[in-house]
Amino acid sequence: MTDRFDPARADASWQARWAEADSFRADSASSKPKSYVLEMFPYPSGRIHMGHVRNYTMGDVLARYRRMQGFEVLHPMGWDAFGMPAENAAMEKKVHPGAWTRQNIAAMREQLKRIGFAIDWSRELATCEPDYYGHEQALFLDLMEAGLVFRKESEVNWDPVDMTVLANEQVIDGKGWRSGATVERKKLSQWFLKITDFAEELLDGLGTLDQWPDKVRLMQENWIGKSRGLQFRFRLASPEGANDSIEVFTTRPDTIFGASFVALSPGHPMAEALAARDPEVAAFIAKARLGGTTAAEIETAEKLGHDTGLEVIHPLDPERRLPVWIANFVLMDYGTGALFGVPAHDVRDFEFATKYRLPVRRVVAETAARADDPVVEAETGDGIAVNSSFLDGMASAEASAEVIKRAETAGWGTGKTQYRLRDWGVSRQRYWGTPIPIIHCDACGPVGVPRDQLPVVLPEDVSFDLPGNPLDRHDGWRLVDCPKCGGQARRETDTLDTFVDSSWYFIRFASQPKDQPFDRAEAEAWLPVGQYIGGVEHAILHLLYARFWTRALERIGKIGLKEPFKGLFTQGMVTHETYQSLDGRWLSPDEVEIGEGGAPIERATGSGAISGRTEKMSKSKKNTVDPEPILDRYGADAVRWFMLSDSPPERDLEWSIGGIGGAARFVQRVWRMVMAAPVEDGDDAALTRKLHRTIAAVGEAIDGLQFNKAVAALYELTSAIEKATPSGARGDAIDALLLLAAPMAPHLAEEAWAARGKKGMIVDAAWPTHDPALLIDDEVTLAIQVNGKLRDTLTAPRGLAREAAEALALGSAKVQAQLAGATPRKVIVVADRLVNIVA
RNA sequence: GCGGACGUGGCGGAACGGUAGACGCUACCGACUUAAAAUCGGUUUUCCGAAAGGAAGUGCGGGUUCAACUCCCGCCGUCCGCACCA
């Protein structure tokens, strides 16, 4: 034994001991209560970064804590292994995406193991392996049979040079991120999942997720975007071809008398029909479709319109005619792709009407008396209906209900609920993804691959020399017989969105039979995930898709589970300072030194540098810190401890070398204390009380995922033990400290536990319990206030009677000095806490 | 534009409506040492004061209360999400 804790030796040796003992295997058949702790699985980019370390450390503390509390814990790890970076690497480095990915997985697995996470590695999975994605294909077919999968034409961003489809974030200023070519919109026939069928229950379900952050629930609620309103048809004054009406949706039926135009989306079928025979319309539509989809562009985009010359009849005032325009601000995929404009009460309509000199008619006012106030800007709030015939005088909500009622009675419209949520397009024109298990036959149409032919395995012999999806040109794989008619047919070459892969991996972790995606009973034994931990960037898509997928499986009877994640925690990012040289190059913090007067200087050139904001670690800003050298230097426990200290876990954690140093110091401090602990007998009531308070505080903090508070409580206990004189109680406190610290600094805890001659490993030890009686002191400190200001603090026996406390307080010289002879008017006594004398 | 969160020392942050600044970092002083590292003890919200002590203080302005970082109203600022959603 040395006087220094040696993490390099201890980390490896205890990790080996845990592996040998198979300490973290989750036994589905265990009779113990179960606890499922899960962190969002990583994409195998090749290196672990600090964000991973923080995320998995939090989950690990919880998993180890639950285990010590007597739970059978499932804490698995896997790889979200499909996706574009592997294809990019294939193109750049001429390696196969699979080889690249598997190599990355191997490297990252070793890195994770060095941090000593309590993971059941026997359940490890990678979504890019057929034994995972094959089951996903089966589930896809199940959903298809249940009518939850459909095919539809949809627009994609098409890069004509790379001949590939781009995600929105790959389109930069209207150009492909890699080729720089101007991106085109192209219509492709693609597969969709009917998530909109679940809009209402996904929304309702949010109400049951009381262990989710409010913020995430709100974001999902807004994303689903439910709104109630009226859908109805405007009859055309003179029929236009086959169409004699235009269907619109509104959330403000009460403003219907304020309508001054009808606007069609440039993608609306009627607009397209008009364009087919009128070049002017066609030209306008082409113009309207230009322009980017970025937020900034939309913000500044000018409203453009084209008058079609058509007119519709107002449903409540047959004398009134409204002009029909085509307008660039009308979205095709919300509502009906057409709307009626009420300039007085809608910001966009107002802008449009002002530009094209369309009438602005007030139909809502604060009071009936202000019915004819001029409208200087769009007034979007509720009020009283005015200038609206039979609606006049009604409040907005009442007026809306009245219009819907009349529409339904007269048969020209119906009350309707609209959702912003759109169906989930899952087709990706990519190689490195789950093949969609469909065969296209000219005679039979799209046919599901028969179950006994699953998995549809990705062919290995592909090349990325040519642009486009290599599956499209791999005839050996692509050309197959139709399973129905036996005729010549082709495999679907699109692969599934990787969000599908991550929509059920938590079920596969819980149960992984060979012959089916999961065993229902076994999966249900573990699920829902008790605590799910990950970044807030997944607040909407991943978490919504996973909720949908689970509900879809529930609907088709595969699992008895509506919500996959009972508790959700979104942790903050790991940030670091940033620097830039004067000419704008990003500098890593190592390349900068702080000169006299605190001004940053670039080491290499000696010239000044600019310190920027502290931001999320990212390669582009060169402010990353690689965990590996830090682990080498300080050991796993110091890194883990630092990740949990200081910042509340939901907030960003600023990386600092001082912080990690402090954590390493604490590890050594505990070790020294253990090494130097003399064996003595005897009590130490004060220390015992401190210990029991700490046990309660740490447990409460970990339960609430407030790791920074648990850390602070352990620092306090450590100081108290150091200051205490040797006694039996002190020895007990050291033992308990090790148990309490074990989830956070497990290697140190094991090493110290062994050094203190304890039997067995600390991972198998029970979490200490506290005696509630010891949380209460016999003596309390009373705060003595005069007029609400603290003037004195006095020690008093606990449970001191009101009168006695009052007398005690009045006896204080400081109080008497403050009162200066005045008689107290009133005395407030809060038992065992304070006395407030009001003079 | 809409929605949400946050604002406390030099810094990260604590604080059931009841002693603001726990705990950590930094800095400084001291001890040990030939020396350094490591370690240990101490100080560290501001102002006045030698001290005892006093005054002010949780973004700003009001309010409720015996008592407000905490609750309410109005500003200011920062960050996040959504975004032409009818």
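Lettering of chains follows the sequences in order, A, B, ..., and the numbering in each one begins at 1.
- Nucleotide B:U39 forms a pair with B:A31, judged by Watson-Crick or G-U wobble geometry with both contacts under 3.5 Å.
- Atom CG in A:Asp333 sits about 12 Å away from atom P in B:C85, given to the nearest Å.
- At the phosphate of B:C85, neither OP1 nor OP2 sits under 4.0 Å from any side-chain N or O atom of A:Lys226.
- Comparing the P positions of B:U43 and B:C80 gives a spacing of 40 Å, expressed to the nearest Å.
- At B:C85, one or more side-chain N or O atoms of A:Arg348 fall inside 4.0 Å of OP1 or OP2 (strictly under the cut-off).
- Across every strand in view, B:G3 sits in a pair with B:C80 that passes the Watson-Crick or G-U test at under 3.5 angstrom.
- For A:Lys709, a side-chain nitrogen or oxygen approaches OP1 or OP2 of B:A15 to under 4.0 Å.
- A cation-pi geometry, defined here as NZ or CZ lying under 6.0 Å from the six-membered ring centre and within 45° of its normal, does not hold between A:Arg233 and A:Trp412.
- Closest to the side chain of A:Arg791, out of B:A22, B:C85, B:A55, is B:A55.
- Comparing the same atom, C1', in B:U46 and in B:A20 gives a spacing of 14 Å after rounding to whole Å.
- At B:A83, one or more side-chain N or O atoms of A:Arg420 fall inside 4.0 Å of OP1 or OP2 (strictly under the cut-off).
- In summary, of the residues considered (A:Thr251, A:Asp254, A:Asp382), a side-chain hydrogen bond (donor to acceptor under 3.5 Å, both in side chains) with A:Ser400 occurs for A:Asp254 alone.
- The C1' atoms of B:U44 and B:A22 are separated by 15 Å, rounded to the nearest whole Å.
- The ring of A:Phe352 has its center no closer than 6.0 angstrom to the ring center of A:Phe350.
- The separation of B:G59 from B:G77, taken at their P atoms, amounts to 16 Å, rounded to a whole angstrom.
- B:A15 and B:G9 have their C1' atoms separated by 15 Å, given to the nearest Å.
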